[in-house]
Amino acid sequence: MRKRLPRAFYGGDALDVAPVLLNKVLVAGPVAGRIVEVEAYEGALDPGSHAFRGCTARNATMFGPPGHLYVYFTYGMHFCSNVVCGDEGTATAVLLRALTPLRGLDVMQARRVKSRREADLCSGPGRLCQALGLGRDHDGADLVRADRGVTIVDDGVTPPDEPRVTTRIGLRPGQGDDRPWRFLVPGAVGLSRRT
DNA sequence: ACCGGGATGTTCT
DNA sequence: GAACATCCCGGTG
């Protein structure tokens with residue numbers, strides 16, 4: 001079983017979509033990994049979201065229709081990737097934070113020379129973009145159409161009945177750092193930190 | 001194991 | 001000029 005997720009899957013609010021994205025499979029050309037850690041960003045009302053300060057050239061994809069990939073550049077050397085959710089204009093999105101490597105591990109390793117352990121090939125939002133080759137060119141890609149080779153599929157593994165829920169990583173105090181909007185698969189291989 | 005700091009450049013004030 | 005949804009390395013315990 002290997003079914004591409006339909007547009008309707010992404011149509012809900014990021015907070016609803018985030019937990020059901022767990023255990024789905026992110027595919028980028030010849031490489032793929034199972035999504036085991038995500039964070040919800042709740043649009044214009046969320047001080048932790050890029051959308052909080054309105055639509056700009058950088059975050060325009062977030063304000064577009066659901067089911068597209070929002071990729072942004074940060075810290076001078078890393079990319080992070082999000083799945084756009086909700087109705088057009090709501091700018092809610094789910095940050096992909098970690099994958100369990102599934103396919104094309106040799107390609108991933110070649111892109112991530114500094115990764116010593118297989119479990120660390122995709123164990124962070126910047127790392128997974130590097131391993132999957134996601135960058136500027138992938139911003140706006142339509143996941144439903146596998147645009148630019150990027151899509152998300154359901155291979156039959158269901159989301160966890162009880163995902164672990166924590167606060168989000170890397171936000172400054174007062175910027176929504178207290179909201180419990182990070183979801184992960186307990187005990188999964190490749191999480192961004194020890195559980 | 002934990003912690004501190006440097007890398008590096010785009011975006012927004 | 002500061003902040004940045006990060007990562008990696010080298011210190012210490």
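The chains referred to below are lettered A, B, ... by the order of the sequence lines, with proteins before strands, and numbering in each begins at 1.
For A:Arg127 and C:dT6, the CZ to P distance is 11 Å, given to the nearest whole Å. One atom, CG of A:Asp177, and another, P of C:dC4, lie 12 Å apart when rounded to the nearest Å. Between the CE atom of A:Met77 and the P atom of C:dA3 there is a distance of 18 Å, rounded to whole Å. A:His50 places its NE2 atom 16 Å from the P atom of B:dT10, with the value rounded to the nearest Å. One can place CG of A:Asn59 at 13 Å from C1' of C:dA5, the figure rounded to the nearest angstrom. Going from atom CZ of A:Phe79 over to atom P of C:dA5 covers 15 Å, rounded to whole Å. In this entry the distance linking CZ of A:Arg58 with P of B:dT13 reads 11 Å, nearest Å. When the P atom of B:dT11 is taken as reference, atom CZ of A:Arg53 falls 16 Å away, rounded to whole Å.
Residue contacts shown for A:Gly126 are limited to sugar-phosphate atoms, with no base heavy atom under 4.0 Å away. At a threshold of 4.0 angstrom between heavy atoms, the contacts of A:Gly170 are confined to the sugar-phosphate backbone, with no base atom among them. Among the protein residues, A:Arg182 comes within range of no part of the nucleic acid, since none of its heavy atoms lies under 4.0 Å from any strand.
Between the side chains of A:Asp87 and A:Thr90, not a single donor N or O lies within less than 3.5 Å of an accepting N or O.
Secondary structure note: stems in DNA chain B built from 3 or more consecutive Watson-Crick or G-U wobble pairs under 3.5 Å occupy B:1-7 with C:6-12, B:9-12 with C:1-4.
The gap from the P atom of C:dA2 to that of B:dG6 amounts to 16 Å, rounded to the nearest Å.
Rounding to the nearest 0.5 angstrom, the gap separating the OG1 atom in A:Thr56 from the CE atom in A:Met62 is 10.0 Å.
Using a 4.0 Å cut-off, some side-chain N or O of A:Arg97 falls inside it from OP1 or OP2 of C:dT6.
Judged by atom type and distance alone, A:Tyr75 does not reach the base of B:dA7 through any side-chain donor-acceptor pair under 3.5 Å.
Once the 5.5 Å centre distance and the 30° plane angle are applied, the aromatic ring of A:Tyr72 is found not to be stacked with the base of C:dA5.
Between A:Ile169 and A:Arg112, the residue anchored nearer the 5' end of DNA chain C, judged by the nucleotide with its closest heavy atom, is A:Ile169.
Formation of a donor-acceptor pair under 3.5 Å by the A:Arg112 side chain with backbone atoms of A:Asp120 is found in this model. Not one N or O on the side chain of A:Arg182 forms a donor-acceptor pair closer than 3.5 Å with the backbone of A:Glu39.
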